[in-house]
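First up is the structure itself, then whatever we jot down about it.
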Amino acid sequence: MQLYQNQHLKVYNSLSGKKEAFKPINEGHIGMYVCGPTVYSNVHLGNCRTFMSFDMIFRYFKHLGYKVRYVRNITDAGHLVDDAEDGEDKIAKKARLEQLEPMEVVQRYTVDFHTILQKFNFLPPSIEPTATGHIIEQIEIIKDIFEKGFAYEANGSVYFDVAKFNKTHEYGKLSGRKLEDMIANTRELAAQDEKKNPQDFALWKKAEPQHIMRWPSPWGDGFPGWHLECTAMSTKYLGETFDIHGGGMDLKFPHHECEIAQAEASNGHSPVNYWLHANMLTMNGKKMAKSTGNNILPGEIFTGDNKILSKAFSPSVVRFFMMQAHYTSILDLSNDALLASEKGYFRLMDALDTLKGIDTGKTSDFKVADWRQECYDAMNDDFNTPILIAKLFDAVKHINLIKEGKEQLTAADKETLEATLHAFIYDVLGLEGKTDTGAGTNKLSEVVTLLIELRKDARDNKDFATSDKIRDQLAAIGIQLKDGKEGTTFSVS
RNA sequence: GGCAUCGUGGCCGAGUGGCUAGGCACAGCUCUGCAAAAGCUUGUACAGCGGUUCGAAUCCGCUCGAUGCCUCCA
């Protein structure tokens with residue numbers, strides 16, 4: 001018996017605009033595709049939020065007992081700087097500017113991406129395919145779309161005929177757009193356009209002679225259009241129709257719209273049952289942009305080497321901060337917000353330590369079974385992590401009351417409580433313990449315990465100058481002493 | 001200009017018709033040698049205007065503002 005058989009999950013489907021009961025195509029199995037990064041620069045913090053949301057979703061599915069195939073691609077070709085005729089590939093442009101081979105650019109920023117995600121304690125996806133590794137599959141899809149009559153060739157490039165597609169299908173249904181409106185609002189683009197209509201998008205682009213990234217095709221040397229890779233890779237690894245497709249809100253149009261069009265044009269049916277979109281991250285109320293300086297790299301947060309924040313914050317604190325907001329809401333990052341999250345996070349983790357040491361009683365004042373289900377209810381309601389965290393703080397309060405002897409808990413309830421907290425905090429939210437110092441922990445603990453004993457002796461002798469010195473000096477290096485009825489404990493921050 | 005999402009107490013952020021999450025900050029109290037930690041108590045907030053309703057933060061309309069997309073972007 002798996003958990004998912006008792007826990008009834010609802011997800012917000014961007015396609016219908018409603019929360020829907022989640023039912024996978026094959027019971028017990030989930031296919032999930034998330035659009036990964038274009039590796040032409042350091043991973044953006046907003047990017048991290050999107051991937052973190054889906055990491056949490058992936059984790060919750062696994063926790064529920066689903067077997068999940070999670071595919072997150074790496075875009076290493078085909079992503080153009082703009083849509084004009086002289087549009088340059090983002091990777092190729094960076095390579096030109098930095099005088100590197102394009103694959104050096106790809107390698108450098110793929111490594112950066114993985115390094116940052118690892119710090120954030122992301123679970124690796126099941127498959128992480130690259131666009132350049134699937135050129136053949138992309139060409140096959142283009143041929144297919146061609147045969148179905150929804151593509152045309154122009155001067156060595158191939159375009160998707162949106163107007164024709166729209167006659168029998170609904171282009172724009174995901175983003176709530178109508179083709180007529182788009183045509184009416186199209187700005188004047190460069191006149192010498194190969195496209196029949198400005199709404200048409202590239203499936204294959206002809207490579208100019210100076211273009212380094214190029215592959216042979218039935219239409220000559222070129223490279224694939226950006227939207228195509230996701231269709232090729234999701235179809236290859238998850239099938240023509242799969243359960244979940246995720247990505248950032250900004251990809252809804254045109255990227256995901258085009259994916260739907262490509263899939264429907266080539267194989268005739270809708271590729272995805274549930275479209276999930278994560279919302280944006282702003283900073284100090286404004287959008288993050290390199291051009292205005294309102295931008296920060298994840299690594300700069302961890303080291304504190306930046307002009308925006310007052311101190312360094314650990315990846316777990318940033319993760320906790322992000323999990324305190326719902327993934328579909330815009331989240332605003334600021335120094336105050338991070339400081340607040342850090343305190344809350346420490347309080348939560350301290351309670352986890354406290355729970356280990358509490359004595360159990362004959363009865364329970366805390367209805368653990370009910371509380372546990374409330375945690376699931378929160379997550380089952382479209383992955384509502386803010387409510388889950390509120391529930392976790394309910395437990396924190398009870399744990400502290402039990403420690404003070406004002407409430408009690410049976411041994412069985414203690415076990416359930418501990419297991420549930422661990423499951424949600426570590427497995428689902430993906431947070432890590434704040435004192436994860438490895439082998440050093442035991443020796444540190446012994447030293448501090450010794451200091452606590454010395455301080456107690458000093459206090460017993462009313463030598464408060466000495467006792468306060470011990471307490472304050474420890475505090476200065478981040479070790480906080482906590483005097484309780486049962487003696488003194490400490491925590492490291 | 002068009003489309004979309006949103007605007008909640010000092011800050012961050014849940015909540016979608018009546019029962020008013022949570023975190024942080026602030027204040028008072030308990031505990032303490034003094035603190036810290038912990039606990040208890042206190043905050044009647046929902047951009048503005050109008051409408052629907054017995055009743056609205058929650059539904060509708062307008063205004064203002066923010067963010068995203070419309071050209072690359074998570």
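Computed over heavy atoms, backbone and side chain alike; hydrogens, waters and symmetry mates excluded. Letters A, B, ... are given to chains in the order of the sequence lines, protein chains preceding strands, and every chain is numbered from 1.
Partners of A:Arg372 by salt bridge (Lys or Arg N to Asp or Glu O under 4.0 Å), not counting sequence neighbours: none found. Every residue was checked against the salt bridge (Lys or Arg N to Asp or Glu O under 4.0 Å) condition with A:Lys462, not counting sequence neighbours, and none meets it. In this structure A:Lys287 satisfies the salt bridge (Lys or Arg N to Asp or Glu O under 4.0 Å) test with no other residue, sequence neighbours excluded. For A:Asp161, the salt bridge (Lys or Arg N to Asp or Glu O under 4.0 Å) partners two or more places apart in sequence, or in a different chain, are A:Lys196.
Residues of residues 469-479 of chain A that place a heavy atom closer than 4.0 Å to RNA chain B, in numerical order, are A:Arg471. Across residues 45-56 of chain A, A:Gly46, A:Asn47, A:Thr50 each have a non-hydrogen atom less than 4.0 Å from an atom of RNA chain B (numbered order).
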Please tabulate, one pair per line, each protein N/O and nucleotide N/O from nucleotides 4-10 of chain B that are separated by under 3.5 Å, including the distance.
none

Please list, for nucleotides 40-48 of chain B, all pairs of protein and nucleotide N/O atoms separated by less than 3.5 Å.
| residue | atom | partner | partner atom | Å |
| --- | --- | --- | --- | --- |
| B:C40 | OP1 | A:Lys397 | NZ | 2.9 |

Can you give me the N/O atom pairs linking the protein to nucleotides 19-29 of chain B at distances under 3.5 Å, or say none if there are none?
| residue | atom | partner | partner atom | Å |
| --- | --- | --- | --- | --- |
| B:G23 | OP1 | A:Arg347 | NH2 | 3.2 |
| B:C24 | OP1 | A:Arg347 | NE | 3.0 |
| B:A25 | OP1 | A:Lys343 | NZ | 2.6 |

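For a distance-only test at 3.5 Å, the side chain of A:Asp468 qualifies as a donor-acceptor partner of the base of B:G33.
Side-chain proximity of A:His44 to the nucleotides B:A35, B:A74, B:G33 is greatest for B:A74. Distance from the side chain of A:Asn384 is smallest to B:G15 among B:G15, B:A38, B:C12.
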Throw together a table of side-chain donor-acceptor distances under 3.5 angstrom for residues 468-479 of chain A, partners on residues two or more places apart or in other chains.
| residue | atom | partner | partner atom | Å |
| --- | --- | --- | --- | --- |
| A:Asp468 | OD1 | A:Arg471 | NH2 | 3.4 |

Check residues 115-126 of chain A and write down every donor-acceptor pair under 3.5 Å in which the side-chain atom is one partner and the other belongs to a residue at least two apart or another chain.
| residue | atom | partner | partner atom | Å |
| --- | --- | --- | --- | --- |
| A:Thr115 | OG1 | A:Val111 | O | 2.7 |
| A:Asn121 | ND2 | A:Gly430 | O | 2.9 |
| A:Ser126 | OG | A:Tyr70 | N | 2.7 |
| A:Ser126 | OG | A:Tyr70 | O | 3.4 |

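Among residue pairs with one or both ends in residues 313-327 of chain A, those qualifying as salt bridge (Lys or Arg N to Asp or Glu O under 4.0 Å) are A:Asp55-A:Arg319; sequence neighbours excluded.
At a threshold of 4.0 angstrom between heavy atoms, the contacts of A:Asn400 are confined to the sugar-phosphate backbone, with no base atom among them.
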